[in-house]
Amino acid sequence: MCGMPSAESTPASVDESDLVPPTRNDEVARSGSELIGGPLGRRALLGTSWWNPVRVIALVAIGVFALGLVQKAPCYDGAWFFGASSQYTHACYSDIPHLYQGRGFADGLVPYFDKLPGDMQYLEYPVLTGVFMEVAAWLTPGSGSIQDQEQWYWMVNAGMLMACAAVIVVCVSRTHARRPWDGLLVALAPAFALTATINWDLLAVALTASAMLMWARGRSLAFGVLLGLATAAKLYPVFLLGPLFVLCWRAGKWRDFGKALGGAVVSWLVVNLPVMFFAFDGWSKFYTFSQERGVDFGSFWLIMAQNSSDPWSTETVNTFATLLMLLACAGIAALTLTAPRRPRFAQLAFLIVAAFILTNKVYSPQYVLWLVPLAVLARPKWRDFLIWQACEVAYFLGIWMYLAYTTSGNAHKGLPTDGYHWAIGLHLMGTAYLCAMVLRDILMPERDVVRLVGDDDPSGGVLDRAEDVFVLGAAAHRPRHAAQFDGPQVEWGSEPGTTDRSL
């Protein structure tokens, strides 16, 4: 049996003829392709145009992102500034213009170092996100009315976030080298366009997508550096180190995990230490705010609290939410070590972030951005992705209609509390459904659309086609292929591009 190829010998791209067109193995994609001429034919000429899949997808992503900006037009023209509920009835709310003045950027205050007037004494965002916000403030003209400045601030941020969106779709398209068209799922995701400019989450998402691409290319240190930077912008990326640790344990890739962990720790410290040292109170505000924040929008904890005569305290919710997350982590670890075939990294990355979202005490609508790229890499199936997206769009509309209801006084325009609970339920069920599909693919790898074409773990980097060195349960005694099925199968430890159809 051949050994695992080195990172240097792993190709960063594949021949056009080896690409997997989604119209050949996805019924929804095949049906949708009728709008643009039908499925790709067997005799189609590939590689004959400058417009390769990645460039086309990047252009589509920018176009759809622009449509998302148009959707915010009613707020840009006045709803952000006049009337409390109109920005909710038009479903075009954004934190960005409000925090320009609310967090001191309009007054030239330095995040984390200068105290803010009001209840929020310091900026409640991680350091790298604060840097992003400050850079946008530097690029915002300081002349004109405060409304003009807030409009400019949102537009500047929108331009910077659009660049992040382009990075995301390019990275997703290139992570699975044989499946670049999967990036079209990200580009066309309706929830992605609707929530992209609510907050600054796309910065962390772009860094995480870049890290995933680096790991897929076998560049463990670069992965760690980018993941550390992503964690300096948002907390959730750090969770990816957990499943990666267990995967490397199963495959015996300790050196690569050590490089990834070291890179993540160093890059996070480089960003955070200066602020931590010179402005500790401001730096720690994100962490204390997250701990002290009560049960909030979008979580099942809110449904419990609003239907209880004696709601749990914030400390109690924090404890139980942490316990649920730890149980989910333990379950994912056990699944990784006992699955009949080592799970793909993207599958576990999606599951761990989804677990955090499902158990957390708050779910802001833009948190869906965290999952979109990971969902595409974990389960690139149009039907399941669109079912999940429909649930997320329903929640997007539900939260704004609920806020319209609570801010419209006696008029009660919008969605009452019971209706909002149904919207939360749809979000939870949609996310749980996609998790169930990924779990099924792990337990029944012959159903995994990525592996159906003979790939093993194209986003796994050094894990791709690596042999197991530590497994538990039945996996330790099963054959290398988990189940009989018709189609290409991967012989672990084989050279890239080779497949074995026999068991």
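What you are looking at is a predicted structure, and each value in this text was computed from that prediction instead of being measured. All values below come from the heavy atoms of this structure, side chains included, with hydrogens, waters and symmetry mates left out. Residue numbers run from 1 in the order of the sequence given.
You'll find the side chain of W370 reaches within 4.5 Å of the side chain of I357, heavy atoms only. Residues L351 and I442 form a side-chain contact, since some pair of their non-hydrogen atoms from C-beta on lies under 4.5 Å apart. Taking the side chain as every heavy atom from C-beta outward, E292 and T314 never approach each other to under 4.5 Å. Considering only heavy atoms from C-beta on, L247 comes within 4.5 Å of F345 through its side chain. Proximity of S267 to V271: side-chain heavy atoms (C-beta onward) are nowhere separated by under 4.5 Å. Under the 4.5 Å side-chain criterion, counting only non-hydrogen atoms from C-beta, V438 is in contact with Q347. Contact of the P458 side chain with the V450 side chain is registered, since non-hydrogen atoms from C-beta on lie closer than 4.5 Å. When side chains are defined from C-beta on, H98 does not count as touching D95, because their heavy atoms never get closer than 4.5 Å.
W249 places no side-chain N or O within donor-acceptor distance of the main-chain N or O of V471, the cut-off being under 3.5 Å. Counting only distance, with no hydrogens or angles, the side chain of W301 and the backbone of T359 share a donor-acceptor pair below 3.5 Å. A donor-acceptor pair under 3.5 Å is formed between the side chain of S94 and the backbone N or O of T197. Checking side-chain atoms of S85 against main-chain N and O of Y88 turns up no donor-acceptor pair under 3.5 Å. Within the 3.5 Å criterion, the main-chain N or O of M133 finds no donor-acceptor partner in the side chain of N157. When atom types are taken as modelled, the side chain of Y433 and the backbone of W388 share no donor-acceptor pair closer than 3.5 angstrom. Remark: the backbone N or O of K285 is paired with a side-chain donor or acceptor of T288 at under 3.5 angstrom. Checking side-chain atoms of S364 against main-chain N and O of Q366 turns up no donor-acceptor pair under 3.5 Å. In terms of modelled atom types and a separation under 3.5 Å, the side chain of Y367 and the main chain of V362 share no donor-acceptor contact. The backbone N or O of G460 sits less than 3.5 Å from a side-chain atom of W215, completing a donor-acceptor pair.
Centroid-to-centroid, the aromatic rings of W254 and F245 come within less than 6.0 Å. In summary, the aromatic rings of Y125 and F286 are positioned with their centroids too far apart to meet the 6.0 Å limit. Checked against the 6.0 Å centroid threshold, F320 and W312 count as a close aromatic pair.
The distance from the CD1 atom of I399 to the OH atom of Y420 is 4.0 Å, given to the nearest 0.5 Å. Between atom CE of residue M429 and atom CG of residue L426 there is a gap of 4.5 Å, rounded to the nearest 0.5 Å. For the atom pair CE (M162) and CZ (F65), the distance works out to 5.0 Å, reported to the nearest 0.5 Å. Taking CZ of F280 as the reference point, atom CH2 of W283 lies at 5.5 Å (rounded to 0.5 Å). With rounding to the nearest 0.5 angstrom, the CG atom of L207 is 7.5 Å from the SG atom of C164. One distance of note links CG of L99 with CG of N199; it measures 7.5 Å at 0.5 Å rounding.
For D114, the side-chain contact (heavy atoms from CB on, under 4.5 Å) partners two or more places apart in sequence, or in a different chain, are L109, V110.
Across all non-hydrogen atoms, the minimal contact from T336 to R250 is O-NH1, 2.6 Å. Minimum interatomic distance between Q71 and H90 (heavy atoms only, all atoms of both residues): NE2-O, 3.7 Å. Heavy-atom minimum distance, P111 versus F105: CG-CE2, 3.7 Å. Closest approach of P365 and F396 over heavy atoms only: CB-CD1, 4.4 Å. The two residues E392 and Y363 have their closest heavy-atom pair at OE1-OH, 2.8 Å. L202 approaches L161 most closely through the heavy-atom pair CD1-O, 3.6 Å.
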Show your working on side-chain contact (heavy atoms from CB on, under 4.5 Å) between L434 and L371 and close with a plain yes or no.
CA-CA 11 Å; L434 200 54; L371 283 179; over 6 Å; no
Can you check ring pair (Phe, Tyr, Trp, His ring centres under 6.0 Å) on F385 and W382, steps first, answer last? CA-CA 5 Å; F385 186 81; W382 281 82; 7.3 Å; no
Discussion item. Is there a side-chain contact (heavy atoms from CB on, under 4.5 Å) between F192 and V186? Walk through the geometry before answering.
Written reply: CA-CA 7 Å; F192 194 96; V186 180; 4.0 Å; yes
| said: Does F81 form a side-chain contact (heavy atoms from CB on, under 4.5 Å) with Y76? I'd like the steps, not just the answer. | reply: CA-CA 9 Å; F81 315 105; Y76 184 85; over 6 Å; no
Using the side-chain contact (heavy atoms from CB on, under 4.5 Å) rule, take M120 and F289 through it: C-alpha gap first, then chi angles, then the decisive distance, then the call.
-> CA-CA 9 Å; M120 190 67 67; F289 174 74; 3.6 Å; yes
Going through the checks in order, is the salt bridge (Lys or Arg N to Asp or Glu O under 4.0 Å) test met by R179 and D182?
CA-CA 6 Å; R179 305 181 61 91; D182 289 343; 2.6 Å; yes
Donor-acceptor pairs under 3.5 Å, side chain of residues 222-235 to any protein atom, not counting sequence neighbours: which ones?
from	atom 1	to	atom 2	distance (Å)
T231	OG1	L227	O	2.9
T231	OG1	V238	N	3.4

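Taking a 6.0 Å sphere around CZ of R440, one finds it holds more than 12 heavy atoms contributed by other residues, nucleotides or ligands. Surrounding CZ of F113 are more than 12 heavy atoms belonging to other residues, nucleotides or ligands, all under 6.0 Å away.
The aromatic rings of F239 and F356 lie tilted to each other, with the angle between the two planes from 30° to 60°. Between W400 and Y93, the two ring planes are tilted [angle within 30° to 60°].
Under the 3.5 Å distance criterion, with hydrogens and angles disregarded, no donor-acceptor pair is assigned to the side chains of Y112 and D281. One side chain, S313 or T316, offers a donor N or O that lies under 3.5 Å from an acceptor on the other.
Each of D455, D457, D448, D464 was evaluated against R344; a single residue qualifies, D448, per the salt bridge (Lys or Arg N to Asp or Glu O under 4.0 Å) test. Tested against D441, the residues K381, R379, R341 include a single salt bridge (Lys or Arg N to Asp or Glu O under 4.0 Å) partner, R379.
Residues R451 and D456 are paired through a salt bridge, judged by an N-O separation under 4.0 Å between the basic side chain and the carboxylate.
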